[in-house]
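Order of listing sets the numbers, starting from 1, for every ligand and every atom in it.
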Amino acid sequence: MDYLSFVEGKKTEFLDDLKKILTYPSIMGEKVDGAPFGVEVRKCLDETLKIASRMGFKTFVVNDAVGVVEYGDSEDYVASLAHLDVVPVGDGWDSDPFVGRIDGDKIFARGAIDDKGPAIASLYSLYAIKELGVKIDKKIRLLFGTNEEEGSNDMPLYLAKEKPPVYAFSPDAEFPVIHSEKGMVFVRVSWNLDQKNDGVIVEEIVGGTKANVVPDKATAVLSNVDKEVVSNLIKEFEEQYPYKWNVQYDSKIRVQCQGISTHAAHPETGLNAVMGLIVFLSKLSLNSGVKNTFDWFATYIDSETDAKKFGIFCEDKYGKLTFNVGIVDFKNSTLSLDINYRTPVTLDYDAINEKFVKIIRQTGAKIEFVLKDRPLFYPEDHFLVKTLLEIYRKHVNSTTPPLSIGGGTYSKHIPNTVSFGPLFEGKQDMCHEANEYASISDLITCSAIYAEAMVKLSVNK
Ligand SMILES: [Zn+2]
């Protein structure tokens with residue numbers, strides 16, 4: 001029997017197990033004893049390990065952060081790394097996000113594709129390997145993480161006690177296989193600005209929710225400003241740019257800029273409302289306390305998603321630098337911007353960051369790096385990349401080369417790892433969306449692909 005027939009034969013059990021772990025609202029929560037990333041995440045992990053024990057596997061938890069399912073008994077091991085934590089639900093769901101609702105070939109729930117579906121798929125891969133009695137050289141571990149969505153702080157806790165895998169893949173991106181991921185920087189830049197009475201006063205600006213999302217809304221409250229000036233400027237902007245504007249004229253004027261939200265890994269596909277609003281404000285006769293900073297923004301940041309005017313633009317054959325101002329906050333004379341930029345995979349990461357710091361320092365801003373991740377790069381002919389690609393191509397008729405992405409998977413946090421699936425080419429990416437779903441037949445195919453990958457990677461060369 002092959003892997004695919006085995007897992008297809010267990011489809012009912014597979015779906016029951018998946019539904020079980022989908023019921024846990026495993027969004028990051030408060031740290032408590034035994035659960036550094038919240039109780040719900042921990043409960044979901046325990047439930048997953050219970051399923052693995054039922055299948056006859058040895059299981060344990062490392063530092064309360066990462067669950068391990070183990071098969072085989074060698075010193076070294078190969079691994080798959082899925083995560084059980086999920087992002088918050090958000091609006092727009094047609095059914096309960098924590099009930100695995102099945103409709104045809106789709107199962108809907110928060111986490112269905114990111115990453116509980118793939119987690120169960122990898123569990124059934126190992127189950128197939130064991131039940132079919134397939135010979136492995138190195139032992140296989142399934143690692144179940146609990147903090148991928150909030151910084152992957154689980155993996156350092158794992159590596160503090162366990163040695164890294166010889167080879168591993170993470171079923172948490174897309175096929176065919178991800179061989180490189182951009183360098184990632186989250187940085188907060190802030191200025192202390194003393195407003196004066198000699199021009200338009202910016203009372204407040206708010207916009208954006210996360211640095212890694214292109215914001216679709218930003219709002220400013222203005223005083224000491226002429227209504228007609230604002231409405232004329234809006235007309236001008238409407239002719240020049242695709243933004244939409246909402247204005248409320250009271251004693252103070254409230255201007256809202258509307259753009260298009262998208263992921264900051266590809267900011268050029270959205271329309272950044274924060275950047276649009278700040279450029280807009282810079283065209284008013286602002287008071288001398290803030291004018292220089294807004295002028296600087298309009299000249300050097302503008303609404304560019306590749307930081308050309310800013311001066312850190314660069315690109316290699318795998319892609320160019322991307323730049324996103326995700327959040328603006330201006331209250332009590334502090335203007336702060338949360339920026340996420342991503343650096344090309346083969347270029348000098350430190351040099352780009354040094355340049356960024358130098359440019360920002362010249363404006364008198366304070367800089368606080370919130371998160372920094374070096375780029376990840378495996379050549380296309382690396383054993384891990386080549387092996388996974390070959391297995392994928394046995395199942396899917398495809399000539400697509402290994403992919404380079406904007407970055408941010410587990411692969412950066414644990415050595416010898418690349419991301420592999422679960423999303424097949426041409427399929428809709430529902431990660432973090434309302435009505436997130438996974439295709440059931442695709443998850444089962446993933447199981448077969450992953451089983452083969454685990455076995456191939458485990459063979460002693
Ligand atoms: Zn994920």
Whether D172 has an N, O or S atom under 2.8 Å from the Zn ion (ligand 1): yes
Test item: side-chain donor near acceptor, S336 and D329, under 3.5 Å: no
Proximity of Y127 and F6 rings by center, below 6.0 Å: yes
Considering only N, O or S atoms of D114, the one closest to the Zn ion (ligand 1): OD1
H83 N/O/S atom closer than 2.8 Å to the Zn ion (ligand 1): yes
Inter- and intrachain pairs under salt bridge (charged side-chain N to carboxylate O under 4.0 Å, His left out), touching residues 27-45, at least two apart: E40-K43, R42-D46, R42-D64
Ring center gap for F280 and Y243 short of 6.0 angstrom: no
